[in-house]
Trainee: 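Questions regarding the structure given below will be posed in turn.
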Amino acid sequence: MKSREPHNRPDPIPDFSHALSTEAIYRLQGFYLPWIEEALKAFDTETLWKRPNEPTNSVGNLLLHMEGNVRQWVLHGLDGQEDIRKRDSEFAATEGALPEVLFLALKSTVDEACEIISKWNDPELLMQPRIIQGMSATAYSAIFHVVEHFSYHTGQIVWISKALSGKDLQFYNL
């Protein structure tokens with residue numbers, strides 16, 4: 001029987017703050033990015049930007065939105081970089097870059113965010129208050145939010161990919 005977990009799972013870490021940052025990085029880079037990369041094989045530029053109806057988002061919109069969210073909550077919220085996010089434009093786009101271009105932008109932002117998250121492993125730092133996207137948060141809640149949000153939209157992209165391709169992506173058969 002094959003393992004249900006991807007390879008390179010980090011060893012258990014006894015300290016909660018280290019465990020949080022390690023697990024967040026593992027989920028973002030070890031699960032969700034590879035799943036998105038595989039799911040995007042079902043998309044060309046036209047299908048990437050296709051919306052089934054007006055109130056829904058295309059996969060292109062979701063990729064822009066995920067990149068903007070990680071950038072705002074981690075690069076800005078935890079690292080203090082300038083908040084350059086234009087959230088409304090993430091949803092307004094109806095055409096644009098190729099799937100691989102959007103994926104590389106998302107991966108680059110996630111990789112930078114994971115470097116930042118790896119430094120947030122002190123319990124006192126994790127509980128420091130901050131304002132992100134106009135909301136009161138702690139570093140802990142920001143990291144938790146990013147992983148949860150990323151997971152949610154990864155699931156949407158995977159579902160749409162399966163619906164278009166008719167294929168089981170078999171993520172647990174690695």
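Computed from heavy atoms alone, side chains included, the values below leave out hydrogens, waters and symmetry copies.
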Trainee: Apply the hydrophobic cluster definition, ILVMFWY joined by side-chain contacts under 4.5 Å directly or through others, and give me every member besides Ile131.
Mentor: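 Ile131 shares its hydrophobic cluster with no other residue.
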Trainee: Following the transitive rule for hydrophobic clusters with a side-chain heavy-atom cut-off under 4.5 Å over Ile, Leu, Val, Met, Phe, Trp and Tyr, establish whether Met135 and Phe150 coincide in one cluster.
Mentor: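 Met135 and Phe150: one cluster.
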Trainee: What pairs with Lys107 under salt bridge (Lys or Arg N to Asp or Glu O under 4.0 Å), at least two apart in sequence or on another chain?
Mentor: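 Salt bridge (Lys or Arg N to Asp or Glu O under 4.0 Å) check on Lys107 returns Asp111.
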Trainee: Give every residue pair that meets the salt bridge (Lys or Arg N to Asp or Glu O under 4.0 Å) criterion with at least one member in residues 59-81, sequence neighbours excluded.
Mentor: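 Found Glu67-Arg71.
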Trainee: What residue pairs, at least two apart or across chains, pass ring pair (Phe, Tyr, Trp, His ring centres under 6.0 Å) with a residue in residues 47-78?
Mentor: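 As it turns out, the ring pair (Phe, Tyr, Trp, His ring centres under 6.0 Å) pairs with a partner in residues 47-78, which skip direct neighbours, are His65-Phe91, His65-His149, His65-His153, Trp73-His145.
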Trainee: Tell me every residue that passes side chain to side chain donor-acceptor pair (under 3.5 Å) with Asn53, counting only those two or more places apart in sequence or in another chain.
Mentor: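 In terms of side chain to side chain donor-acceptor pair (under 3.5 Å), with neighbours along the sequence ignored, Asn53 is linked to Thr56.
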Trainee: Could you pull out all residues at least two apart from Thr45 that satisfy side chain to side chain donor-acceptor pair (under 3.5 Å)?
Mentor: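 Applying side chain to side chain donor-acceptor pair (under 3.5 Å) to Thr45 gives none.
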Trainee: Is the number of heavy atoms from other residues, nucleotides or ligands under 6.0 Å of Glu115 CD greater than 12?
Mentor: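 No.
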Trainee: Determine which pairs satisfy ring pair (Phe, Tyr, Trp, His ring centres under 6.0 Å) with at least one residue from residues 105-127, sequence neighbours left out, and list them in order.
Mentor: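 Qualifying pairs, neighbours excluded: none.
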Trainee: Who pairs with Lys119 by salt bridge (Lys or Arg N to Asp or Glu O under 4.0 Å), at least two apart in sequence or on another chain?
Mentor: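 Lys119 satisfies salt bridge (Lys or Arg N to Asp or Glu O under 4.0 Å) with no other residue.
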Trainee: Could you give the side-chain donor-acceptor pairs of residues 92-101 under 3.5 Å, partners two or more places apart or in another chain?
Mentor:
none

Trainee: Excluding sequence neighbours, so at least two apart, what forms side chain to side chain donor-acceptor pair (under 3.5 Å) with Ser141?
Mentor: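 Ser141 satisfies side chain to side chain donor-acceptor pair (under 3.5 Å) with Thr138 only.
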Trainee: Could you check if a side-chain atom of Gln72 sits within less than 4.5 angstrom of a side-chain atom of Gln81, using non-hydrogen atoms only?
Mentor: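 When only atoms from C-beta onward are counted, Gln81 and Gln72 do not touch, as no gap falls below 4.5 Å.
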Trainee: So, taking the atom named CH2 in Trp35 and the one named OG in Ser151, what distance separates them when rounded to the nearest 0.5 Å?
Mentor: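 One finds 7.5 Å between CH2 of Trp35 and OG of Ser151.
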Trainee: As a quick check of understanding, evaluate side-chain contact (heavy atoms from CB on, under 4.5 Å) for Lys50 and Ser58, giving each step before the final call.
Mentor: CA-CA 5 Å; Lys50 186 174 181 174; Ser58 69; 5.8 Å; no
Trainee: Evaluate the criterion salt bridge (Lys or Arg N to Asp or Glu O under 4.0 Å) for residue pair Arg27 and Glu23; output intermediate values, then yes/no.
Mentor: CA-CA 6 Å; Arg27 293 287 163 182; Glu23 188 68 21; 2.7 Å; yes
Trainee: Sequence neighbours left out, what pairs pass salt bridge (Lys or Arg N to Asp or Glu O under 4.0 Å) with at least one residue falling in residues 84-94?
Mentor: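 The answer is Arg85-Glu90.
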Trainee: Flag the pair Glu112 / Val74 as yes when at least one side-chain heavy-atom distance between them is below 4.5 Å, and no otherwise.
Mentor: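 No, too far: nothing below the 4.5 Å cut-off.
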Trainee: Within a radius of less than 6.0 Å around NZ of Lys167, do more than 12 heavy atoms belonging to other residues, nucleotides or ligands occur?
Mentor: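 Counting neighbours around NZ of Lys167, 12 or fewer heavy atoms of other residues, nucleotides or ligands fall under 6.0 Å, so no.
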Trainee: Could I get the full list of side chain to side chain donor-acceptor pair (under 3.5 Å) partners for Asp44, not counting sequence neighbours?
Mentor: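 Once residues adjacent in sequence are excluded, the partners of Asp44 under the side chain to side chain donor-acceptor pair (under 3.5 Å) criterion are Thr47.
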